[in-house]
Amino acid sequence: MDHRVPVAAVVAVVLAVWLQLPAASRGQLQVGFYNTGCPNAETLVRQAVTNAFNNDSGVAAGLIRLHFHDCFVRGCDASVLLTSANGTAERDAAPNNPSLRGFQVIDAAKAAVEQSCPRTVSCADIVAFAARDSINLTGSVSYQVPSGRRDGNISIDQDALNNLPQPTFTAAQLVASFANKSLTAEEMVILSGAHTVGRSFCSSFLARVWNNTTPIVDTGLSPAYAALLRALCPSNANASTPTTTAVDPSTPATLDNNYYKLLPLNLGLFFSDNQLRTNATLSASVDSFAANETLWKQRFVAAMVKMGNIEVLTGSQGEIRLNCSVVNNRSSAAAGAGIERPYHYSGATVSIDELATS
Ligand code: HEM
Ligand SMILES: *[C@@H]1O[C@H](CO)[C@@H](O)[C@H](O)[C@H]1NC(C)=O
Ligand SMILES: *[C@@H]1O[C@H](CO)[C@@H](O)[C@H](O)[C@H]1NC(C)=O
Ligand SMILES: *[C@@H]1O[C@H](CO)[C@@H](O)[C@H](O)[C@H]1NC(C)=O
Ligand SMILES: *[C@@H]1O[C@H](CO)[C@@H](O)[C@H](O)[C@H]1NC(C)=O
Ligand SMILES: *[C@@H]1O[C@H](CO)[C@@H](O)[C@H](O)[C@H]1NC(C)=O
Ligand SMILES: *[C@@H]1O[C@H](CO)[C@@H](O)[C@H](O)[C@H]1NC(C)=O
Ligand SMILES: *[C@@H]1O[C@H](CO)[C@@H](O)[C@H](O)[C@H]1NC(C)=O
Ligand SMILES: *[C@@H]1O[C@H](CO)[C@@H](O)[C@H](O)[C@H]1NC(C)=O
Ligand SMILES: *[C@@H]1O[C@H](CO)[C@@H](O)[C@H](O)[C@H]1NC(C)=O
Ligand SMILES: *[C@@H]1O[C@H](CO)[C@@H](O)[C@H](O)[C@H]1NC(C)=O
Ligand SMILES: *[C@@H]1O[C@H](CO)[C@@H](O)[C@H](O)[C@H]1NC(C)=O
């Protein structure tokens, strides 16, 4: 006689109970996470992003990249925003410093949400919302962002160097870097289309335009474009050289599918961009997105949502940071999870307008 309950039945019961739990306790993000706790959170972030965008449209590209650089390093936990007294945080690492931008927009958004609903909205969610709003402003496309991320409190420069793909990466290295974050080769191609907006400092393409042997001889750079870039960036330029150039020189502020059209013309700015053409599988994806902008935008927003799920902290993990640049004091570590002590957040009395004009 076998009195064991069939495994399938146990699995079914466990699954049924689990599915009835709130998404947050299942460790999942959910659309509208702040609907009850801070119903205007997403609107306030949108306003802060729009204000900054109206002053400098370049912040949109900065905020899209900020979310990517947050998610690839210790997950989407706002670790990229933390500052360090001795300059050893993620934001101090070469891939982020000096190029990463949009920090002050996140700070303005955080000040606004703290004023409206203190200790409720994580910095990591603000970064995800701000990337979405930037895509909306530059790309005429909208999507819903699952939220409920919590903020981490560890930020180490070496983690950024280890986890962020570099512009000298080969196709195989790019695919491996994204696979390590559970993103497919096709999603790597799709997300690379973000290089249709924004700018780059000289150091990210210098070796390619002057020597063209790094890491291998690269026939995918138009000689005329290379000459233009040499005129812009002297061979002794370095990371502190302030010159920048558009990543997509034809429509630098519009999130369109132009990136994929530039690649076959040998007009991809980075060695890594051109690598998407060196592999038949990746190249077929490039061609399909060059041919159909609607298709790319649908895939792009879906891939952004998937990227926004990388190694997130949820439920009682992490904390709701009060100032996005610093972890909470231990005495205020209960932020967002039942608070015993009064806590005076200096940002709570600062309006967006005050921050924006200071
Ligand atoms: C596939 C691997 C990738 C590599 C190797 C790479 C590399 C780079 C580099 C070197 C820059 C210029 C930095 C500088 O100013 O020197 C840049 C800019 C940028 N990247 Fe990527 N990137 C990759 C993927 C992505 C992804 C997945 C996104 C977002 C979904 C993204 C969004 C951007 C944006 C928007 C800019 C312009 C930033 C600005 O204007 O401030 N990149 N990228
Ligand atoms: C920098 O500070 C962090 C913590 O504040 C510490 O763990 C690290 O060892 C310091 N690094 C250097 C190089 O001093
Ligand atoms: C931006 O997002 C808003 C809100 O979802 C939407 O109504 C609007 O159509 C979007 N803008 C564009 C140009 O798609
Ligand atoms: C792969 O991801 C893990 C977990 O995020 C990280 O610790 C590791 O450094 C990553 N390795 C590479 C090569 O990106
Ligand atoms: C070009 O290569 C030479 C020899 O390897 C090197 O010394 C020089 O720094 C390189 N220049 C650039 C701009 O990469
Ligand atoms: C970068 O180049 C400038 C001008 O050539 C030079 O003054 C500066 O010392 C260099 N900085 C670094 C970090 O190499
Ligand atoms: C091209 O990339 C795909 C996806 O990573 C990989 O499976 C395939 O082996 C690559 N092909 C070549 C010829 O390198
Ligand atoms: C482009 O992609 C969209 C979305 O997937 C699809 O509905 C449409 O049929 C495609 N257009 C062409 C011309 O293939
Ligand atoms: C780090 O975050 C945890 C919550 O995950 C919190 O309990 C702890 O106090 C934080 N550490 C510091 C130094 O703030
Ligand atoms: C955390 O505590 C230190 C020392 O008590 C204090 O100087 C600092 O202002 C506090 N930080 C915040 C954000 O309140
Ligand atoms: C947040 O912390 C940073 C670093 O300590 C500080 O410079 C900034 O003024 C703080 N912001 C607010 C709004 O308190
Ligand atoms: C407007 O943008 C410029 C950079 O283009 C920046 O220096 C300035 O701080 C911004 N002003 C406001 C009020 O955000």
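First listed ligand is number 1; within each ligand, the first listed atom is number 1. Along the sequence shown, the residues carry numbers beginning at 1.
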Measure from the side-chain N and O atoms of Asp151 to the backbone N and O of Ala78, and report whether any donor-acceptor pair falls under 3.5 Å.
-> no
Closest protein heavy atom to atom 6 (C) of ligand 1, given as residue, atom name and distance to 0.1 Å | His195 CE1, 3.4 Å
Pair Asn136, Ser142: side-chain N/O donor-acceptor within cut-off below 3.5 Å | no
May I ask you to check whether Phe72 and Phe178 place their ring centers less than 6.0 Å from one another?
-> yes
Compute the minimum heavy-atom distance from Met304 to ligand 1 and say whether it is under 4.0 Å.
-> yes
Is Leu255 linked to Val301 within one hydrophobic cluster, defined over Ile, Leu, Val, Met, Phe, Trp and Tyr using a side-chain heavy-atom separation of less than 4.5 Å?
-> yes
When you measure from atom 1 (C) of ligand 1 to every protein heavy atom, which one gives the shortest distance, and what is it?
-> Ser192 OG, 3.4 Å
Could you tell me whether the side chains of Thr43 and Asn40 share a donor-acceptor contact shorter than 3.5 Å?
-> no
How close does the nearest protein non-hydrogen atom get to atom 32 (C) of ligand 1, and which residue and atom is it?
-> Ala194 CB, 3.6 Å
Give the residue, atom name and distance (to 0.1 Å) of the protein heavy atom nearest atom 19 (C) of ligand 1.
-> Arg65 CD, 3.3 Å
Which heavy atom of the protein is the closest neighbour of atom 11 (C) of ligand 1, given with residue, atom name and distance?
-> Phe270 CZ, 3.3 Å
Does ligand 1 have a heavy atom under 4.0 Å from the side chain of Ser204, from its backbone, from both, or from neither?
-> side chain
Mind running side-chain hydrogen bond (donor to acceptor under 3.5 Å, both in side chains) on Thr196 and Asn258 for me, showing each step along the way?
-> CA-CA 6 Å; Thr196 176; Asn258 206 47; 5.9 Å; no
Look at atom 27 (C) of ligand 1 and say which protein heavy atom is nearest, naming residue and atom and giving the distance to 0.1 Å.
-> Leu191 CB, 3.6 Å
Is a side-chain N or O of Ser177 found less than 3.5 angstrom from the main chain of Gln173, in a donor-acceptor match?
-> no
Ranked by distance from atom 41 (O) of ligand 1, the top protein heavy atom is Arg101 NE, 2.8 Å
Numbered atoms of ligand 1 (with element) below 4.0 Å of Gly198, judged on heavy atoms = 37 (C), 40 (O)
Gly62 neighbourhood, listing ligand 1 atoms whose heavy-atom distance to it stays under 4.0 Å | 41 (O)
State the atoms of ligand 5, each with its element, that fall below the 4.0 Å cut-off from a heavy-atom position in Ala207.
-> 14 (O)
Out of Gln166, Gln275, Met307, whose heavy atom is nearest to atom 5 (C) of ligand 1?
-> Gln166
For Ser200, atoms of ligand 1 separated by under 4.0 Å from a heavy atom | 12 (C), 14 (C), 15 (O), 16 (O)
Taking only non-hydrogen atoms of Pro165 and a 4.0 Å limit, the atoms of ligand 1 in range are 2 (C), 3 (C), 5 (C)
Test the Arg299-Phe289 pair against the cation-pi criterion, namely NZ or CZ under 6.0 angstrom from the six-membered ring centroid and within 45° of the ring axis.
-> no
Is Phe300 reachable from Leu137 through a run of I, L, V, M, F, W or Y residues, each pair having side-chain heavy atoms under 4.5 Å apart?
-> yes
How does Ser272 reach ligand 1, by side chain, by backbone, by both or by neither, if only non-hydrogen atoms under 4.0 Å count?
-> side chain
Arg277 and Asn266, any side-chain heavy atoms less than 4.5 Å apart | yes
Taking the non-hydrogen atoms of Phe205, is any one of them nearer than 4.0 angstrom to ligand 1?
-> no
Of all the atoms in ligand 5, which lie at a distance below 4.0 Å from a heavy atom belonging to Ser235?
-> 13 (C)
Hey, is ligand 11 close enough to Asn323 that some N/O pair sits below 3.5 Å?
-> yes
Indicate if Leu66 and Leu191 have the same hydrophobic cluster label, given that clusters are the connected sets of ILVMFWY residues with side-chain heavy-atom separations under 4.5 angstrom.
-> yes
Would you say Ser222's side chain and Ala224's backbone share a donor-acceptor pair under 3.5 angstrom?
-> yes
Which pair of heavy atoms, one from Lys110 and one from Ile320, lies closest together, and at what distance?
-> NZ-CG2, 4.2 Å
Any nitrogen or oxygen of Trp210, main chain or side chain, under 3.5 Å from a nitrogen or oxygen of ligand 5?
-> no
What atoms of ligand 1 come closer than 4.0 angstrom to any heavy atom of Leu174?
-> 1 (C), 2 (C)
Which bit of Phe169 is near ligand 1, meaning a heavy atom under 4.0 Å away: side chain, backbone, both or neither?
-> neither
Purely on distance, is any nitrogen or oxygen of Arg199 under 3.5 Å from one on ligand 1?
-> yes
Give a yes or no on whether Val121 and Val145 share a hydrophobic cluster (residues Ile, Leu, Val, Met, Phe, Trp, Tyr; joining criterion: side-chain heavy atoms under 4.5 Å apart).
-> yes
Is the backbone of Ser147 close enough, under 3.5 Å, to the side chain of Gln30 for a donor and an acceptor to pair up by distance?
-> no
Ligand 1 contact on Phe68 by region, counting heavy-atom pairs under 4.0 Å | side chain
Under a 4.0 Å heavy-atom limit, does Val247 contact ligand 1 with its side chain, its backbone, both, or neither?
-> neither
among protein heavy atoms, the one nearest atom 15 (O) of ligand 1 is Phe201 N, 3.0 Å
